[in-house]
Every structure is written in structure tokens, then in C-alpha cells.
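Note on naming: letters A, B, ... go to the chains in the order of the sequence lines (proteins, then strands), and numbering restarts at 1 for each one. As the structure is a prediction and not an experimental result, all values here were calculated from the model.
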2 protein chains.
Amino acid sequence: MTQPLSGVRVVDLTRILSGPFCTALLGDMGADVVKIEPPGDGDPVRTNGAIIEGMSWYFAAFNRNKRSVSLDLRSEAGRETLARLLKKADVLVENFRPGVLAKMGFDEERLRQINPRLITASINGYGSTGPYVERPAFDFVIQAMSGFMSTNGTADGEPLRSGPPVTDLVAGLYCAFGIVSALQARNNTGRGQRVEASMMDGIISLFAYLASDHLATGVVPRRAGNHHPIAAPYGLFTASDGELAVAPSTEVILRRFLRVLGMEGVLEDPRFSSNALRMQNHAALDALINARMEGESRQAWMDRLNAAGVPCGLVQDVGEALSDPQVLHREMVVDVEHPGHGTVRMLGFPVKLSETPCRMRHPAPDHGAHTEEVLAEWCGEDRPRAGGP
Amino acid sequence: MTQPLSGVRVVDLTRILSGPFCTALLGDMGADVVKIEPPGDGDPVRTNGAIIEGMSWYFAAFNRNKRSVSLDLRSEAGRETLARLLKKADVLVENFRPGVLAKMGFDEERLRQINPRLITASINGYGSTGPYVERPAFDFVIQAMSGFMSTNGTADGEPLRSGPPVTDLVAGLYCAFGIVSALQARNNTGRGQRVEASMMDGIISLFAYLASDHLATGVVPRRAGNHHPIAAPYGLFTASDGELAVAPSTEVILRRFLRVLGMEGVLEDPRFSSNALRMQNHAALDALINARMEGESRQAWMDRLNAAGVPCGLVQDVGEALSDPQVLHREMVVDVEHPGHGTVRMLGFPVKLSETPCRMRHPAPDHGAHTEEVLAEWCGEDRPRAGGP
């Protein structure tokens, strides 16, 4: 069975998170991803997070569907081998700080000379040009600089980073989208090009109406916790056994919500007769709703609200979410055999294709496990000597 | 100049946010996106958010590079016209609740009959199969159900949704990645297929080490505010004129940070001599660091820390971020002329391609502005009558 990127050769110089996520997405789509790791410890994530039977499950998740080649890019021999691999590659992906790859002797001009069909992709913090090009970046810092944190948190609390490191992952996903688009362009032009995704550009692009309303009015969006900035009631409500998230985003859905509660009458109350008034008096309205909801369980309300078409949900923790029947049904948690390291449980594929789906072709590789194999396969007779150990 | 998706025809049945974001990404890459809107008000976002000279800037941002065709899909004539358009299309994108399109008469089998090369893409809340298929979804609810909220917030506060509606946008971005991958697959197979991205699958896929560590250990990740779950010091610190985000994620970077502060000696202090001890006594360590940082301005510290390679940044609000010199340099804020509605300022392109870049080809369309034009272009002699007004 072929996959969308079957036959596409990716030289993967990335490390840690944003880059390996991007190349895992390409590998899941069928690309032949060769992860180049320095001799010694290799990708630092190999020793990060929980390690079972010698395998970091964090590393395993983000390096599935890749092979590992050990190459010392600080040595001339290693760099020569890299050049030979690039000659046979379709895509190069790196997440060094801007300029690092050029200092190793691989600037854009040299890459074009080595292989004019090569797509060269970079994932970085702020972009490879501009006043901040020299600054080191990190998810937390990009969350602060981008404005994301300023909108995340409660009105009376401090600006907060998000739980997961979203700026890394969003940049990796954008880069994967850019790379596949550049492959599509190459079908017409015959030439490669440079693709770039930055953590800063990526996270800003997710601001949606927070950005458009600010640009239109100059008003700066503020943190609003779980309250909706423009609708009430909205947020977390308290059933007999815990909290329920309810999002009646329109007047129609609000009426359905109140009907399920048997509280349609509150719209006659002069304190709650318009959205503007409800926003103003939301604490009083929330108290009335909570008083009603406390009489029954979360599940009882969930069943009725879902049946009535009112978006609602439990506030699940990560353990509950990853054992949720819907999440399991969607195969978003999968078990992968890692010879020598047992079975690793990891997240599944977030995008589903019916005919050429994402597949688990290989587990994450041991460090340098495919050095000889890849050099023989890609470079054949012209097989170089690895610069690694 | 051709773009990666030049010549790719997209029939866009999406509305509100996740779908229009996906098709805007395709349009930015050069696809010919035809937005089908019902007669009357059209996409509800046309009347949402700040409106200037009759144009919602929220609508304008998410519907650039599209044309609008008014079509009443509740009428037989409208559905026939849709079928004729689909015959000439490469991609169909919709973000209805699962089953709605089939109820209109366009199930997968009929779509395959109409056009076997058609890629049919769906963006939805929980996926189109499984126990939650009937549930209405909404960003806030998916944030709750997915576990995202459980990790977002402070240790002593409630679970919080993120500021921006990230689950909508991430699902739209995954769908765009899936569609371009399916186009790539079609180059080999000659056939279309179904692509699906759900908000729930998408946001879970961003959990990174929160997911892998949980799956490995069974330990449930908790909210940690701006503190790093496994390193201290880390977070917001107080300079003379405000807060600074500092992320010394490794021992090497921590030493650089302390050197800039002139505080390397604290590592000799038995309370702070290992990361585990620093985690335990982080309040005392933060107080020492703040006492030192309060002596100088944010900018003074930023200059020194960046020069020393310590990731750090200001906590900018959305207004500051969207006028940040780096963000402007990257053209992440652009002005687009909208004839009849003045100039609309919106976010730029988050992924940069050097040879076939994203471009602003058209402003967001007036409702139904291209009904005749598109039917003539795509269906020619065989031009159907629009079901719309």
C-alpha cells in the first residue's frame, strides 16, 4: 500500500520537539525519514521524560516512523556524508537556531548546488530574518512575547502559559503543511525551495477573533478565564458530582440550555433579558443555574444537554481523556512494539485518510541503528564512510 | 507566478471558524476556493466581531483568497448545482456535524460517483464515528473533554480554557495538511479519498510529554501555572518596570542566567544545589532572583540575557505583539484593500515559501459576489441555474 509521501526521502537534522514532531508527521504519511544524530547521546530527548526498558516514551512518540543514522557533523567526513545524502534527498528539515546550518557549510546556495530539487525546511523561534534573529527561543518565551499568555488566565490572575508546549507543536505542524505544499509545487516547477515556520508566527496565527477585533478597534483583549468574552451564561457549572463545561454560544442554544434546566423563565427577569445584561449580571445568573444543576449528576445533565444539542462536556484530566471511549474508538492511543524495549503506548494519528492512511511502519529507532543500511540504500556503490562511531 | 495549489479547485461548504481557516490556508497556497453560502445572511461570521464599513474584520481575515457563490442547498436546484460544481472540483471541505452532508444527499458513495478524483474533507468535533458522533461540539467543550483545560491554569486555581480557540484552528490546520497530502497521494493513485480532522484528536496530539509521561507512568499531569513541571528556577520574574519570562531549561542555561545576574554563588547554597532541591525551595530562590532583577529594567535584562543565550521575553499583550518589530518584519500583519469596505488589517501568512510564497490574491468576497462568474467558469456551456436569489 502506498501512502501520500511514499518514496519521499527526508534528511532530518531536527532535535527535541518542534522539528521531530514535523518529521514524525511526514513519516506517518509514508515518507522515508532519516534522523541524523550526533555520536554520543544523540537527540537529547532520548534521555528525557519517563524511560522504560531503556526507551524514553517521549522520544518514542516523536520519532516513530524514522530511521537513525549517526553522523558527526563537526567532522569533515561527516559533512561529506551529509552532502551525499542530501544529493539523494527530497527534503531537509532542521530546527537549529538560524545561521547554524550555514556555519556548518550548508547555506542555501550550497544546498541548491548539491540538489536543486531539495526542499529545505527550517523551524525556528522568531524566523530566520529580522531584529530577533539572534535571540534564543523557547516555548514559554514565545508564549509570553506573542501575546498568547496575556489572553490566557483569569481576569484577576497573572498571564499564564498553556499547559502543553503549543508553540513548538504548531510550528512543527505548519512546517509539515509547508513541506507537503512545496512538494506539490515541485511537481510543476521541478525545483525545491526554502520553507520556514516559526513558533512566533504560528502561535499568532491562532488568535482568531482576538486578533481581528483588536486590529479593527484597537481594544486589547484581556484574560477572561472560562467566561466567554461576548456571551453569558457560559463556562463551568456545578453538578452534584463535579463540574460541567457548557457553551451556549448563540441565543438559540441558550434557550435550549435553559429549557433543559426548566429555567426558561429567567429570560423574563429584567436582570437577564439581553446578552448585555446577562454579561453584566453573570454572577447572579450563574448562581441560579448552579443551584439547579447541583440537584443532579454530571452524566444526567450531559445526556440531556447533548440530546438537546447544547455543547457540553466533562472537565477530564489527561488520564481520563486518554482512556475516553471516543478517544480509544478513534485509535488516538496505540501500542507499538519496540524490539528490546517492550511495548510503548503513544498517541495515534490526528489526521485520518480513508484510502492511504497514516501507518505505524517502524518504531522509533535505536541511536545509529540504520547508519550502514541507509548509506547503502541511498548512496549504493558510492557508499561513503560514516563520520560517526 | 504559480503557487503550490494553483489550479486546485476547492468547493468550500464550511462556516464559522475551523473550516474557513482550513480553506483560507488552501487559498493562501493558491487554490481556487469557492465558498458556498446559503441565501440570506450567509456565513454567520459575516455579522460577528467588529464591523467597519459593512465588513466584519473577523470574516475578512478567515475568508481571504476565496470567492463566494450563493446556493440554497435546501432546494433541489441548489443541490444539482452543487453536484455540477463537485464534478469539476478537486476538493470538497465541510465542517457540518457528522451526517448532515449525507442527509443533504451527498454521502461518500454519491460523492465518489459524482467525481472519483474528489478529495472530501471533514472537520468536526469528535470525529465522524464513535460513541460521541451525535454530540454537538464547541471549542470550550473540546478543551474540557480533551484534558487540555486540566493542564491549563495554576495549581490552586480552576482548570482554564486557553485564550484563543485553539481546538478550532488546530483542527483546520490538520485538515489542510491532510488535504495537501491527499492531493499528493492522488498524483499516484488517480483517486480521491476522505480526509478527516477532529478538534478532539487535534488538540490531544499537542500534549507532547504530558501525554507520553502519563502513558508511561500513569501519573496524571497537574496544572503548574508558569512554573516548569520539572525545572526551577523558571517562569515570570520581576524587573523594575514589569515582568520578564525566563526559561532556563537546562543546567547549562541556568548557569548562564545566574552568571548574568551575578548570582552563580546560589548553587553552593544547600537549598539550591540540585534541581530537585531548587524545585522544592523555588519560592525562596525566586525571591532572591526577583530582589536582584528589581534593580534594573526589563530591557536591560533582556539585552544581557539574550546576548548570553538565555531564552527570555516580555509578557506582551496582543496589541504589543501585533506591533512588535519582529512580527512586522515577518509581515504577520498586512493591509488588504476591500473595494467598498476600505482597508482591512489582518494577520499575514504563518508559513513562508521562498519561491512560490503564499499571496493575497483576493480580499474576502461579498456574499454571492461570484455566483455567475464561478458557474460560467467551472461549468461553462453546461451552466446551471443557481438555486440562490
Which atoms of [X] come close to chain B, meaning under 4.5 Å heavy atom to heavy atom: side chain ones, backbone ones, both, or neither?
X: A:E108; result: neither
X: A:L5; result: side chain
X: A:A137; result: backbone
X: A:I119; result: neither
X: A:L215; result: both
X: A:V344; result: neither
X: A:M29; result: side chain
X: A:R222; result: side chain
X: A:Y209; result: both
X: A:N187; result: side chain
X: A:V310; result: backbone
X: A:L183; result: both
X: A:V315; result: both
X: A:V318; result: both

- prompt: chain A heavy atoms under 4.5 Å from B:L353: which part of the residue, side chain, backbone, both or neither?
  reply: both

task: Against chain A, label B:F62 side chain, backbone, both or neither, depending on which of its atoms sit under 4.5 Å from a heavy atom there.
output: side chain

In terms of heavy-atom pairs under 4.5 Å with chain A, which of [options] leads?
options: B:R345, B:M346, B:R223, B:E243; value: B:R345
options: B:T151, B:T154, B:V246, B:T217; value: B:T151
options: B:A171, B:A245, B:S181; value: B:S181
options: B:A247, B:G7, B:P131; value: B:P131
options: B:C175, B:A60, B:P325; value: B:P325
options: B:P221, B:A224, B:G157, B:C358; value: B:P221

field: Pairing residues for B:R330 by the salt bridge (Lys or Arg N to Asp or Glu O under 4.0 Å) criterion, not counting sequence neighbours
entry: A:E196, A:D201

Residue pair [X] / [Y]: nearest heavy atoms and the distance that separates them:
X: B:L169; Y: A:A208; result: CD1-CB, 3.9 Å
X: B:F21; Y: A:S205; result: CE1-O, 4.1 Å
X: B:P159; Y: A:L236; result: O-CD1, 4.0 Å
X: B:Q326; Y: A:T129; result: NE2-O, 2.9 Å
X: B:L322; Y: A:A211; result: CD1-CB, 4.2 Å
X: A:M145; Y: B:G313; result: SD-CA, 3.6 Å

- request: Indicate whether the side chain of A:E355 and that of B:T189 have a donor and an acceptor atom separated by less than 3.5 Å.
  value: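 Looking only at side-chain atoms, B:T189 and A:E355 do not form any donor-acceptor pair under 3.5 Å.
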
query: Between A:D324 and B:Y132, does any side-chain donor sit less than 3.5 Å from a side-chain acceptor?
result: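 Their side chains do contain a donor-acceptor pair, which is all the 3.5 Å distance test asks for.
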
query: Can A:Q316 and B:S146 be said to form a side-chain hydrogen bond (donor to acceptor under 3.5 Å, both in side chains), step by step?
result: CA-CA 7 Å; A:Q316 302 198 102; B:S146 65; over 6 Å; no

Most chain B-contacting option - heavy-atom pairs closer than 4.5 Å, from [options]:
options: A:G192, A:A216, A:A50, A:A61; answer: A:A216
options: A:A182, A:A197, A:G127; answer: A:G127
options: A:A185, A:P44, A:P350; answer: A:P350
options: A:S249, A:S122, A:S56; answer: A:S249
options: A:L17, A:I142, A:V333, A:L25; answer: A:L25
options: A:M149, A:R161, A:H228, A:Q143; answer: A:R161

Atom pair [atom1] ([X]) and [atom2] ([Y]), whose distance is rounded to the nearest 0.5 Å:
X: B:L206; Y: A:T167; atom1: CG; atom2: OG1; result: 10.5 Å
X: A:T356; Y: B:R191; atom1: OG1; atom2: CZ; result: 9.5 Å
X: A:N152; Y: B:N152; atom1: CG; atom2: CG; result: 4.0 Å

message: Given 3.5 Å as the limit, does a donor-acceptor pair link the side chain of A:E134 with the main chain of B:A307, or not?
response: no

- prompt: For A:G147, does its backbone N or O pair with a side-chain atom of B:E320 as donor and acceptor, under 3.5 Å?
  reply: no

- request: Would you mind reporting whether A:C312 and B:F138 have side-chain heavy atoms less than 4.5 Å apart?
  value: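 Not touching, per the 4.5 Å side-chain cut-off.
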
task: Not counting sequence neighbours, which residues clear ring pair (Phe, Tyr, Trp, His ring centres under 6.0 Å) with B:F59? List them please.
output: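 None.
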
- request: Verify whether the ring centers belonging to A:F177 and B:F177 lie closer than 6.0 Å.
  value: no

